[in-house]
Chemist: 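This structure is in structure tokens; I'll ask about it shortly.
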Amino acid sequence: MTEPRTPGEHRLVQLAEPEKEVAAGTRTLVIGPYMTRRRRSSAGSGDGGAEESNPRPPEARLDEAAGLAAAIDLTVVRSLITPLAAARPATYIGSGKVDELAALIRAEEIGLVVMDCALSPVQQRNLEKAWGAKVIDRTGLILEIFGRRARTKEGTLQVELAHLSYQKGRLVRSWTHLERQRGGFGFLGGPGETQIEADRRLIQDRMTRIERELETVVKTRSLHRASRRRVPYPIVALVGYTNAGKSTLFNRMTEAEVLAENMLFATLDPTSRAIDLPHGEKAILSDTVGFISDLPTMLVAAFRATLEDVVEADVLLHVRDVSHGETEAQAGDVAVVLRELGIDPDDTRRIIEVWNKADLLSPEDRERLAVTSSRTDDERRPILISALTGEGIPELLSTIQEHLAMGRLSYEVDVAPEDGQGLAWLHENTEILDRRTLENGHTILQVRLGSGKEPRFLNRFPNARVL
């Protein structure tokens, strides 16, 4: 049974509604307002030059924005590019283009306009007035997607925190009619934006409560990680651009049933399962939220707790969709987010590059990638796979095992025929590299030890020899 809301919680729901009323099937226009030449924005210039940090061609960026809209079942009626020499402070795009698009929006009965850029609250409000339709920017669209995809309590809290942070600076949109209110009588008293101030306090109070709840969640996750370390199983985390096929690969390697569809941000909440490596060792495979270009900073901050599995992973699988025309640019975006998390994307001992969706490649593309791979150093050589068909999965598992083995000690141990318990312990706690049985019944094993298991091993087998 749902607990009754307090007046303040009712107010928060009302505040959230303006950014949450994007209904599935809404007729949508997607606009890509991209700079025609590279600009460097000076500090405080506000001319939108930061947009040019994205190296992709405008057509690819627009296709991705339309894909984001389609991911939440919006009906994309039109998508078009609007070249810009500089961003306008009032409406981001020029007034002539605003008037031109207003006619199109009326003719096509557009209910929602997605601007593939970062709009200020004033720009968003002015465009809504001019077009008579709801307007959201890239950040608002990604927040909407995350809000619909979150399933766990942690994911829901993280999305709400990011949304409130975004909404807090946009209260002027909903409450401009209060800007000229005054307190007192006659001409006495100054301008009183008391409702806005009260709303901001409500939002800040709710953000503080969410942050406290997330601290509890972080502690719980830390306890779970501590218990895994006691086992201990190594952690292998999947990272990559959204829709690169991480969840499909996760399902293939773990036989799980995580949602995996051909859409951007199909899954959001992290999932972990055990996998078996070729020599019998177990590892924990963790599927994480996909990355994307121009990922809002507030989302990176909000999902830092979720991404802690990535930070603490022993091995990272950087999954790339090599059938995508912008695969190199996508890899660059993933590298940017990894650096924000304090991870070196060039750490070849820790990161394995996985070229996914081989089933979608033409024979010519396969040959080209094979040549590229053959020219790459062994430690950097990518693994070509198809998570859908299973091609390349055995090689990937072997490569994971090799990376986990780096720096681990190997021993040769002689097990007497009557020591069945010792033999069972070795199979359960070590990686068996080789095994042979002598005529006298003794079993000679070459084993490799996992992290933290050496003291117990040497206590159990003091005569073991280092290889």
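We're numbering straight along the sequence, starting at 1. When reading the values below, keep in mind they use all heavy atoms of this one structure, side chains included, and skip hydrogens, waters and symmetry mates. Keep in mind it's a predicted model, so treat the numbers as computed, not measured.
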Chemist: When rounded to the nearest 0.5 angstrom, what distance separates SG in Cys117 from CD1 in Ile31?
Modeler: 9.0 Å
Chemist: May I ask you to test the Tyr166-Ile142 pair for a side-chain heavy-atom distance under 4.5 Å?
Modeler: no
Chemist: To the nearest 0.5 Å, how far apart are CD1 in Ile383 and CD in Glu395?
Modeler: 4.0 Å
Chemist: Salt-bridge test for Glu160 and Arg209: reply yes if a basic N is under 4.0 Å from a carboxylate O, no otherwise.
Modeler: no
Chemist: Using the side chain to side chain contact (heavy atoms under 4.5 Å, CB included) rule, take Met253 and Ile400 through it: C-alpha gap first, then chi angles, then the decisive distance, then the call.
Modeler: CA-CA 12 Å; Met253 295 176 70; Ile400 292 171; 3.8 Å; yes
Chemist: Hey, are the side chains of Met207 and Leu161 touching, using non-hydrogen atoms and a 4.5 Å cut-off?
Modeler: yes
Chemist: Could you tell me which non-hydrogen atom of Arg27 sits nearest to which non-hydrogen atom of Ile110, and how far apart they are?
Modeler: O-CG2, 3.6 Å
Chemist: Do Glu340 and Phe291 touch side chain to side chain, with heavy atoms closer than 4.5 Å?
Modeler: no
Chemist: Could you tell me which non-hydrogen atom of Arg350 sits nearest to which non-hydrogen atom of His403, and how far apart they are?
Modeler: N-CD2, 4.4 Å
Chemist: Output the distance between atom CG (Leu29) and atom CH2 (Trp131), rounded to the nearest 0.5 Å.
Modeler: 7.0 Å
Chemist: Only one of Leu74, Val114, Ile292 clears side chain to side chain contact (heavy atoms under 4.5 Å, CB included) with Leu68; which?
Modeler: Ile292
Chemist: Would you say Glu328 and Arg320 make side-chain contact, with heavy atoms under 4.5 Å?
Modeler: yes
Chemist: Does a salt bridge link Glu128 with Arg125, judged by any charged N lying under 4.0 Å from a carboxylate O?
Modeler: no
Chemist: Picking from Leu404, Ile235, Thr399, what satisfies side chain to side chain contact (heavy atoms under 4.5 Å, CB included) with Val315?
Modeler: Leu404
Chemist: Please report the closest heavy-atom contact between Ile284 and Ser272, naming both atoms and the distance.
Modeler: CG2-CB, 3.9 Å
Chemist: With a 4.5 Å limit on heavy-atom distance, are the side chains of Glu391 and Asp359 in contact?
Modeler: no
Chemist: Pair Arg61, Glu326 - check side chain to side chain contact (heavy atoms under 4.5 Å, CB included), show working.
Modeler: CA-CA 10 Å; Arg61 296 170 66 180; Glu326 296 299 315; over 6 Å; no
Chemist: Asn126 and Tyr92: side-chain donor and acceptor closer than 3.5 Å?
Modeler: no
Chemist: Under a 4.5 Å cut-off applied to non-hydrogen side-chain atoms, are Asp377 and Thr348 in contact?
Modeler: no
Chemist: I need the minimum non-hydrogen distance between Val76 and Ala70, along with the two atoms involved.
Modeler: CG2-N, 4.5 Å
Chemist: Below 4.5 Å, heavy atoms only, C-beta onward: do Val113 and Leu127 meet side chain to side chain?
Modeler: no
Chemist: Hey, does Leu112 have a side-chain heavy atom less than 4.5 Å from the side chain of Lys134?
Modeler: yes
Chemist: Testing the basics here: between Ala130 and Val98, what is the closest heavy-atom pair and its distance to 0.1 Å?
Modeler: CB-CG1, 3.6 Å
Chemist: Would you say Gln124's side chain and Val135's backbone share a donor-acceptor pair under 3.5 angstrom?
Modeler: yes
Chemist: Say whether, by atom type as modelled, one donor and one acceptor occur between the side chain of Thr208 and the main chain of Gln204 under 3.5 angstrom.
Modeler: yes
Chemist: With rounding to the nearest 0.5 angstrom, report the OG1 to CZ distance, Thr248 to Arg252.
Modeler: 9.5 Å
Chemist: Is a side-chain donor or acceptor of Asn356 paired with a backbone partner of Ala387 at a separation under 3.5 angstrom?
Modeler: yes
Chemist: Would you mind telling me which of Leu316, Val236, Leu317 makes a side chain to side chain contact (heavy atoms under 4.5 Å, CB included) with Ile352?
Modeler: Leu317
Chemist: Nearest 0.5 Å, please: how far is CE in Met115 from CG in Asp137?
Modeler: 9.0 Å
Chemist: Does Arg381 pair with Glu402 as a salt bridge, N-O distance under 4.0 Å?
Modeler: no
Chemist: What are the two closest heavy atoms between Ala162 and Leu143, and how far apart are they?
Modeler: CB-CD2, 3.7 Å
Chemist: Can a salt bridge be assigned to the pair Asp276 and Lys282 using a cut-off of 4.0 Å between side-chain N and carboxylate O?
Modeler: yes
Chemist: Quick one: CG on Asp287 to OG1 on Thr254, what's the gap to the nearest 0.5 Å?
Modeler: 8.5 Å
Chemist: How far apart are the C-alpha atoms of Leu338 and His318, what are their side-chain angles, what is the distance that settles it, and do they pass the side chain to side chain contact (heavy atoms under 4.5 Å, CB included) test?
Modeler: CA-CA 10 Å; Leu338 289 177; His318 177 189; 5.7 Å; no
Chemist: Counting only heavy atoms not in Arg78, do more than 12 sit closer than 6.0 Å to its CZ atom?
Modeler: no
Chemist: May I have the step-by-step check of side chain to side chain contact (heavy atoms under 4.5 Å, CB included) for Asp321 and Thr327, ending in yes or no?
Modeler: CA-CA 6 Å; Asp321 175 4; Thr327 183; 5.6 Å; no
